[in-house]
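Quick notes on the structure that follows.
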Amino acid sequence: MSGRDRAAGLAIMLGSAASNQTGAAVGAHAFATLGPVGVVAVRQWVAALVLLPVARPNPLRFGWGQWWPTLLLGVVFATMNLGLYTAVDRIGLGLAVTLEFLGPLAVALVGSRTRRDLWCALGAAAGVYVLVLPSGSSDWFGVGAGLLAAGCWAAYIVLNRLVGARLPGLQAPAAASAVAALLSLPVLLTMSWTGVGYAVVAGLLSSVVAYSADIIALRRVPTRYFGIVMSVHPVFAALAGLVLLGQVLHLHEWAGVVMVVAVNVIAVAVGSPHERHDGDSGSGGAALDGAASGVRHGERDHRRRLAGVARRRSCRTEDRHAAA
């Protein structure tokens with residue numbers, strides 16, 4: 001990865017994180033009238049209405065190898081946002097995003113067999129414990145919603161990389177946003193429209209800008225570097241919650257945020273010389289070896305199938321010409 005790509009990728013990812021968390025904070029202002037479900041519905045429709053005319057995907061020309069990850073990504077969009085906004089409503093933006101951040105961390109650790117990564121997993125668990133400090137008064141539903149968002153964010157990373165390789169430009173997030181919008185249509189048709197402006201801003205900042213920036217960044221930088229920079233999300237979320245929502249984290253909550261972020265940086269940045277070489281090559285990202293290798297194998301299989309179809313078509317054309 002060249003210095004120019006690294007600098008451009010850093011700017012894109014920082015901008016994506018800031019936009020994402022600012023949008024989430026603005027969207028929270030509409031919870032009183034729309035609820036988390038209504039905000040998510042508006043957000044998905046805003047994303048689809050903006051991205052579809054820009055990217056102009058042609059679903060009729062999608063093959064099954066392009067359709068299935070796009071459909072899954074649309075379901076992930078809707079579920080991830082619903083889990084996150086439910087958690088934000090119940091436990092606050094900083095805590096919700098820190099719990100959600102366990103998803104990328106899990107992807108970074110998946111498939112690992114090293115003692116270092118075992119310690120990283122234990123460190124993440126300790127960070128969550130410090131963050132939540134479980135007690136009888138803990139909002140377990142809010143914590144569970146944050147963990148649901150975490151699982152979806154892990155799937156988002158893997159699927160985004162896959163569809164980003166199979167569909168050019170912004171066609172992947174545009175088509176996936178359309179799927180998520182259709183899933184949320186019943187909510188949109190029955191909800192109140194008071195406070196919808198906040199949800200529209202959330203859709204623009206957290207979906208249109210963030211989705212587009214992430215898929216562009218994943219094409220420019222190794223996933224290892226992407227994972228390191230994503231560590232700013234919980235910090236940006238805590239700051240956005242403080243400035244825009246007046247949510248002040250307690251000292252133990254800040255400590256938990258710092259522990260989870262630090263564990264992610266260690267898990268992603270530190271590796272064997274072979275892992276570091278793979279991660280810097282930009283070919284897949286060693287921090288996501290388990291998930292990314294599966295994506296790469298899937299891509300190779302997909303390309304082989306396409307090549308086989310092209311060869312068969314060529315042979316049939318030659319046979320027809322020979323017969324003529």
Side-chain angles (χ1 to χ4, degrees), residues 19-55 57 59 67-93 96-97 99-100 103 139-156 159-160 163 170 172-212 214 237 240-241 244-245:
S19 178
N20 200 340
Q21 304 312 326
T22 301
V26 171
H29 285 289
F31 286 169
T33 53
L34 300 180
V37 177
V39 174
V40 170
V42 174
R43 172 175 166 173
Q44 298 303 158
W45 274 92
V46 169
L49 292 174
V50 172
L51 289 174
L52 284 174
V54 173
W67 256 123
W68 73 259
T70 300
L71 291 172
L72 282 181
L73 187 59
V75 174
V76 165
F77 279 172
T79 309
M80 177 175 65
N81 292 328
L82 181 58
L84 175 62
Y85 277 56
T86 300
V88 171
D89 186 36
R90 299 180 71 98
I91 61 176
L93 182 59
V97 172
L99 289 174
E100 184 191 34
D139 190 331
W140 293 108
F141 189 84
V143 171
L147 294 176
L148 173 63
C152 291
W153 199 359
Y156 166 83
L159 288 171
N160 222 1
V163 295
L170 299 177
S177 294
V179 172
L182 290 175
L183 291 175
S184 64
L185 182 59
V187 176
L188 197 73
L189 294 176
T190 58
M191 71 181 195
S192 166
W193 288 88
T194 305
V196 73
Y198 290 120
V200 170
V201 173
L204 291 172
L205 295 179
S206 296
S207 292
V208 176
V209 175
Y211 293 168
S212 302
D214 283 349
L244 298 177
L245 300 175

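Distance check, rounded to the nearest 0.5 Å: CG of Leu49 to CG of Leu204 gives 10.0 Å. Between atom CH2 of residue Trp45 and atom OG of residue Ser184 there is a gap of 7.0 Å, rounded to the nearest 0.5 Å. Taken to the nearest 0.5 Å, the CG atom of Leu73 stands 10.5 Å off from the SG atom of Cys152.
Residues meeting the side chain to side chain donor-acceptor pair (under 3.5 Å) test with Gln21, sequence neighbours left out: His233. Partners of Asn20 by side chain to side chain donor-acceptor pair (under 3.5 Å), not counting sequence neighbours: none found. Annotation: side-chain contact (heavy atoms from CB on, under 4.5 Å) contacts of Ala174 (sequence neighbours excluded): Leu51, Leu52, Ala55, Pro57. Residues passing the side chain to side chain donor-acceptor pair (under 3.5 Å) test with Asn160, sequence neighbours excluded: Tyr156. Not counting sequence neighbours, the partners of Ser207 by the side chain to side chain donor-acceptor pair (under 3.5 Å) test are Arg43. Considering only residues two or more places apart in sequence or on other chains, Leu72 meets the side-chain contact (heavy atoms from CB on, under 4.5 Å) condition with Trp68, Leu159. Among residues two or more places apart in sequence or in another chain, the ring pair (Phe, Tyr, Trp, His ring centres under 6.0 Å) test is passed with Trp193 by none.
Closest approach of Ala25 and Leu93 over heavy atoms only: CB-CD2, 3.9 Å. Closest heavy-atom contact between Phe77 and Pro173: CE1-O, 4.0 Å. In terms of heavy-atom proximity, Leu205 sits nearest to Ser19 at O-OG, 2.6 Å. For Gly83 against Ala149, the heavy-atom pair with the smallest separation is C-CB, 4.1 Å. Taking both residues in full, the closest heavy atoms of Ser206 and Ala210 are given as O-CB, 3.2 Å, listed atom of the first, atom of the second, then distance. Shortest non-hydrogen contact noted between Thr70 and Val163 is N-CG1, 3.8 Å.
Looking at Val97 and Leu84, their side chains come closer than 4.5 Å, going by heavy atoms from C-beta outward. The side-chain heavy atoms of Val42 and Tyr198, taken from C-beta on, include no pair separated by under 4.5 Å. Between Thr86 and Phe141, some side-chain heavy-atom pair lies under the 4.5 Å cut-off.
At least one donor-acceptor pair under 3.5 Å links the side chain of Trp67 to the backbone N or O of Pro59.
Among pairs with a residue in residues 71-93, those fulfilling salt bridge (charged side-chain N to carboxylate O under 4.0 Å, His left out) read Arg90-Asp139, at least two apart in sequence or across chains. Sorted by first and then second residue, the salt bridge (charged side-chain N to carboxylate O under 4.0 Å, His left out) pairs with a member in residues 181-199 form an empty list; sequence neighbours excluded.
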Result block: side-chain N/O donor-acceptor pairs under 3.5 angstrom for residues 29-38, not counting sequence neighbours:
{"residue": "His29", "atom": "NE2", "partner": "Leu244", "partner atom": "O", "Å": "3.1"}
{"residue": "Thr33", "atom": "OG1", "partner": "Ala30", "partner atom": "O", "Å": "3.3"}
{"residue": "Thr33", "atom": "OG1", "partner": "Thr194", "partner atom": "O", "Å": "2.7"}

